[in-house]
Amino acid sequence: MRRSMLFLPGNTPNIIQNGEILGADAVILDLEDAVAPTEKDSARILVRNAIKYMGFGRCEVIVRINSIDTDFWKKDLDAIIPVKPSLIMPPKTSCAQDVLAVDAYISQLEEKLGMEPGSVGLIPLIETALGVENAFQIASACKRVKAIFLGGEDLTADLRCKRTKEGHEISYARSRMVCAARAAGVEVYDTPFTDVNDDEGIYTDAQYARSLGFTGKSSISPRHVKAINEVFSPSLKDIDYAYEVMEAIRIGKEQGKGAVALRGKMIDAPIVARAQQTIQAAIELGLGREA
Amino acid sequence: MNGKVVKSLREAIELSGLKSGMSVSFHHHLRNGDYTLNMVMDEIAALGIKDLTLNASSIFDTHAPLEEHIQNHVVRKINTNYMSAGLGHRISEGLMEEPVDFRTHGGRPRDISLGITPIDVAFIAAPAADCAGNCSGKVGPSACGSLGYAFPDAMYAKKVVVITDNLMPYPLRGWSIPEIYVDYVVEVDAIGNPQGIVSGTTKITRDPVGLIMAETAVKVIQHSGLLKDGFSFQTGAGGASLAAAQFLKEIMVRDKIRGSFASGGITGYLVDMLNAGCFESLMDVQCFDLKAVESIRTNPAHQEISAMQYASPAAASAVVDKLDVVILGATEIDTNFNVNVHTDSNGYIMGGSGGHSDTAAGAKLSMIIAPLFRARLPIVTDRVSCISTPGRDIDVLVTQRGVAVNPKNQELMQRLKDGGLPVVDINELKEIAERITGKPQKKTRAGRTVANVIYRDGNVIDTIKSV
């Protein structure tokens, strides 16, 4: 389960060494924007060693590499693929070809290292207008893509508008991303809320993202993780309802009914699918029981 | 009025009969804003007096001129409870021929009252005083709140000089130290810099690791069985400790728990807890911020206590012995729960026990909050560089990666496990830290002794070697 993803600068050992205890479901170890060009090599070594020797416990590990229009991205992958992160995040992904270039290079490395093909997934970061328009092609570019990720800051620069707390300027991009991801059958994650001192605003922003259909949300501050986890966790009411749905389906099957209703409302396939997702999330959070 | 007010510091020193080889004392409520210690020592040096024993409840970086007085043999010996890194580093490098004697906030008044460390002349910086020497820290341009640590000096020194920048009409209202102890009063332009005396506000940490530890600390208190009506509490002014106080307040207010008292150095957060009905009283030996100063001045439930009442083992009874829970810090803690708050990882002096050992000994639950590592250094070690507080007095260590309970306290261990807290063996915490940071090479302790660490019972529990 990835409700929250926390960006950690790849050149800050003090922060990285506490990465696993900050409450996020995933950490994104950043080799790109957070790291100055002069520190790219040391960050690469630090991130590689942190994954290899320290580990992040139950926290999933994602590494944001440098974009494919730089000289750094292949060196990043050379260093990081051998330590088997869960996902690689290529930034500034604007089309399927960008994804395929990274996919091909990772495949080469996997073969060379004797790793299982496709064992490292991709979560392309979409942060250009072109990328948003090509979101479905990016999400469905190859099997390695497990999710897509919206980057609101760079996108607003590309859109030539101001990034605001309310986020009206990225409404279209958010909806388009969710639609593209669901059409491609992958997960979708929302851009960080960047005012680290606004403890209320993060709730509003995360609730809005969830209402649109995002799977989870990223953060640049550990202080936002709790809010994101709360918003993207199923409520106890949701969980109870999901179990009621599954119980109604079970009874309906026993009774040989073709259509099943709960509280006067028909239970169709999407409702069952959502109930199953909710129960799965509840189990992962220790709130569930087998249906 | 009477003949106590003298024209100058020099006159007061001369009248006090101070001679070479005697001892002088100072209190530290003006903290890093204090002017008086330097003023007095400069005057003493100018008078040609040498070989003094300096008994100061704490020494801060603002007291850097002491180095010159040590080099010139004006000061031969130092007794203190805390020394910040400035002079501490120089002492560690062998500045003094005689070792510094570190005591605790309770041990100092004990030894003064028992005549073990007699004081010939006490100099008491007073934010307000009258011509007879009645004095207080609660009002005036240099207000610092409580004068708790100055009480034993006033009561037991052969001569007492009050230094004030706020001479008020007799009788001073709400005096803390009464005229009966005071021999001379000196008015000066300023006794301290208000900026350095108390901070405007003490602030809760925003560091996520600190907040995680604070949340865990409060869960430990909740599951200890001690958090109920009549609860008593002490915590320091560090960011994580303050966060713990804030979280504790929320729980006490929510569950309508009416505690008895909070004690020690008082911050605005403890004042907020008092005002929210979490405690009946604050027992204040030192104020840390302006809110605490305002509170002690205006709220009768916020009470000033002397260092003896706070923590002296020689007193008939003391506040620390009535504490339920104390939250403390550590620069190092070892697998036997011994705590170091005197030296840094390189063995340099940069602190002192203050009330650490006193509260740890007295409280039913003594809790250390410390990150498992600071930068590249693990905090849990095989043996601390210096034992400030013995492990027998520590019940639990709270880190960001788990809680270690002293095996001597099996009941607490079981309570915390039952409460679902991440209880981990302290050896395991050490291994987790070393897996991340590596095992640092330990500094050897082979130099000459530059300081003795004297436990509150008067016994030397460790020595600090030169670096």
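Letters go in sequence order (proteins before strands), and every chain restarts at 1.
Counting non-hydrogen atoms of other residues, nucleotides and ligands closer than 6.0 Å to NZ of K219(B) gives a total of 12 or fewer. Annotation for R58(A): atom CZ does not count as buried by contact number, only 12 or fewer foreign heavy atoms lying within 6.0 Å. Other residues, nucleotides and ligands contribute over 12 non-hydrogen atoms within 6.0 Å of the NZ atom of K408(B).
The CD atom of Q17(A) lies 13.0 Å from the CZ atom of R435(B); values are rounded to the nearest 0.5 Å. One finds the CD atom of E215(B) at 5.5 Å from the NZ atom of K226(A) (value rounded to the nearest 0.5 Å). Atom CG of L22(A) is separated from atom CG of L211(B) by 10.5 Å, given to the nearest 0.5 angstrom.
The contact between N197(A) and chain B is made by backbone and side chain atoms together, counting heavy-atom distances below 4.5 Å.
Listed options I21(A), V225(A), N14(A) were ranked by heavy-atom pairs under 4.5 angstrom with chain B; first place goes to I21(A).
Within the 4.5 Å cutoff, the side chain of N18(A) has no heavy atoms near those of the L372(B) side chain.
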